[in-house]
Amino acid sequence: MKTWKEAPTPALVLDLEKMNRNIERMAASARKNNVKLRPHIKTHKSLEVAKRQIHAGATGLTVATLSEAEVFQNAGFDDLLVAFPLRSEEKIARFVALAKRGRLIATIDDIVQAGRLDEAAATAGMGVEVWVKVNSGLNRCGVDPGEEAVSLVKDIAPLQALEVTGLYTHAGHAYGAGAQEDRERIAKEEAEAVVRSAEACENAGFPIENRSVGSTPTYEWSGAYDGITEVRPGNAVFFDGVQEGLGVCTMDECALTVTASVVSGKKDRLIVDAGSKSLTLEKGAHGNASVTGFGTIVEPVTLAGKSLTRLSEEHGILDFPDGAPAITDEVIRIIPNHACTAVNLYDHYLVVEGDTIADRWPVDARGCNT
């Protein structure tokens, strides 16, 4: 078999051993905290990776879109949380059709969404399980914890076809945390937002069986809080430059890299064939300031730690203000800043064991953004 250095560039390279270790880290944390594990597949979009997550102990999966749900449901995964509120008639109709085939949980953060979903489900003669999203500080979707959460659950209760069985949140603002103590604080707030809201609902007569938290920077702490029943890490399957910058992992734990070839050398820069269409221009979500450049080189050792300083569509630039090294035919490996967005740019993974290409896995839900 070829090594990754012999494959055409740019390529998406997945280190099998590192990924398996990351999967076990998630599973071990869930076992330790006695919570269920429902990893988010928007990071990997891969049926093969999801199978390994289920084999390691995951009880279900999280998806971001209905088209992701379609891919994974068609492959036999039958316990999916759609962690994005649905409002349009077209998407609600698609959801109802899919929900006839297996456990598909809808998520809601206002009564208009609930009313439309209820009408469609009642017309189809079926019930739908829904979880209410709680805002734990990201200030994106979600009702405020406590009274507002109870109010929405009360409003949903009389609807014919919907049953509220859970509350969930996403502490994405942990990606902007500057230190471990900040991540621990956000994890505590994340868990408390859900637990406090669930307790308030139950005090009002509405049982809440599922209390779900997620976010790779926080799940190992938030999942340990009494009253939490489930965690939903996504990026933790691969890790990336943002997670390393936050201190969640080391560079050696990052399972995903992008390869590129040095194609040209100038006195103060090297140019490689991986640009924004291979790595994305993202420097990290939700205000992360720990990342510099557009991807960090891990091989060869002569360039290890160097960041790509500029990207255009097909070009990546390594600037050397004090003079660039002599150009070689070197192939480099780059840890992307954000693994999730990088994966969605590729048709397949080159799966490696050591340096050897052991397999080729499709990115099954690539481009499934609707």
Side-chain angles (χ1 to χ4, degrees), residues 1 4 7 10-28 30 36-84 91 94-95 97-107 212 214 216 219 230-240 254-258 278 280 336 338-353 356-370:
M1 295 289 287
W4 60 267
L12 189 68
V13 174
L14 177 57
D15 188 300
L16 186 60
E17 181 181 358
K18 291 180 180 181
M19 182 197 71
N20 287 339
R21 286 203 305 261
N22 294 342
I23 289 174
E24 176 53 28
R25 175 173 166 178
M26 286 187 278
K36 294 178 181 179
L37 174 64
R38 184 185 292 277
H40 208 312
I41 63 85
K42 71 174 181 177
T43 296
H44 57 74
K45 292 178 171 276
S46 163
L47 299 176
E48 181 61 38
V49 176
K51 290 175 187 175
R52 290 168 182 260
Q53 291 178 313
I54 296 293
H55 182 74
T59 57
L61 300 173
T62 307
V63 301
T65 68
L66 291 176
S67 52
E68 287 178 347
E70 288 162 352
V71 169
F72 281 80
Q73 194 183 67
N74 287 339
F77 296 94
D78 60 359
D79 189 343
L80 305 176
L81 171 72
V82 182
F84 201 97
K91 289 195 174 182
R94 284 170 62 195
F95 177 92
L98 290 171
K100 294 177 180 178
R101 300 164 53 186
R103 188 188 187 200
L104 193 65
I105 307 165
T107 57
S212 181
T216 289
Y219 81 93
E230 180 186 272
V231 292
R232 307 184 324 278
N235 187 276
V237 70
F238 294 154
F239 294 128
D240 54 24
C254 293
L256 194 76
T257 52
V258 171
S278 306
T280 85
H338 191 179
C340 309
T341 49
V343 165
N344 201 43
L345 298 171
Y346 291 86
D347 290 325
H348 63 268
Y349 299 94
L350 294 181
V351 181
V352 298
E353 294 182 297
T356 302
I357 299 172
D359 211 340
R360 180 179 166 124
W361 296 346
V363 181
D364 301 279
R366 181 194 177 187
C368 291
N369 301 325
T370 61

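Here Arg94 contributes atom CZ and Ser67 contributes atom OG; the two are 6.0 Å apart, rounded to the nearest 0.5 Å. To the nearest 0.5 Å, the span separating CZ on Arg103 from CG on Leu81 amounts to 8.5 Å. Between Ile54 atom CD1 and Leu37 atom CG the span is 8.0 Å, to the nearest 0.5 Å.
Using a 4.5 Å heavy-atom threshold, the side chains of Cys254 and Phe238 count as separate. Within the 4.5 Å cutoff, no side-chain heavy atoms of Glu48 are placed close to those of Tyr349. Side chains of Met19 and Phe239 form no contact here, defined as non-hydrogen atoms less than 4.5 Å apart.
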*Could you walk me through whether His348 and Arg360 pass side-chain hydrogen bond (donor to acceptor under 3.5 Å, both in side chains), step by step?*
CA-CA 7 Å; His348 63 268; Arg360 180 179 166 124; 3.3 Å; yes

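Taking every heavy atom of both residues into account, Thr43 and Gly234 meet most closely at OG1-C, 3.1 Å. In terms of heavy-atom proximity, Ala7 sits nearest to Leu350 at CB-CD1, 3.5 Å. Nearest heavy atoms, Ser212 versus Arg232: OG-NH1, 2.9 Å. Taking every heavy atom of both residues into account, Ala339 and Leu256 meet most closely at CB-CD2, 3.8 Å. The two residues Asn369 and Lys45 make their nearest non-hydrogen contact at OD1-NZ, 4.2 Å. Contact between Ala255 and Val237 at its shortest, heavy atoms only, is CB-O, 4.4 Å.
Between Asp78 and Arg101 there is no salt bridge, since none of the side-chain N atoms of the basic residue sits less than 4.0 Å from a carboxylate O of the acidic one.
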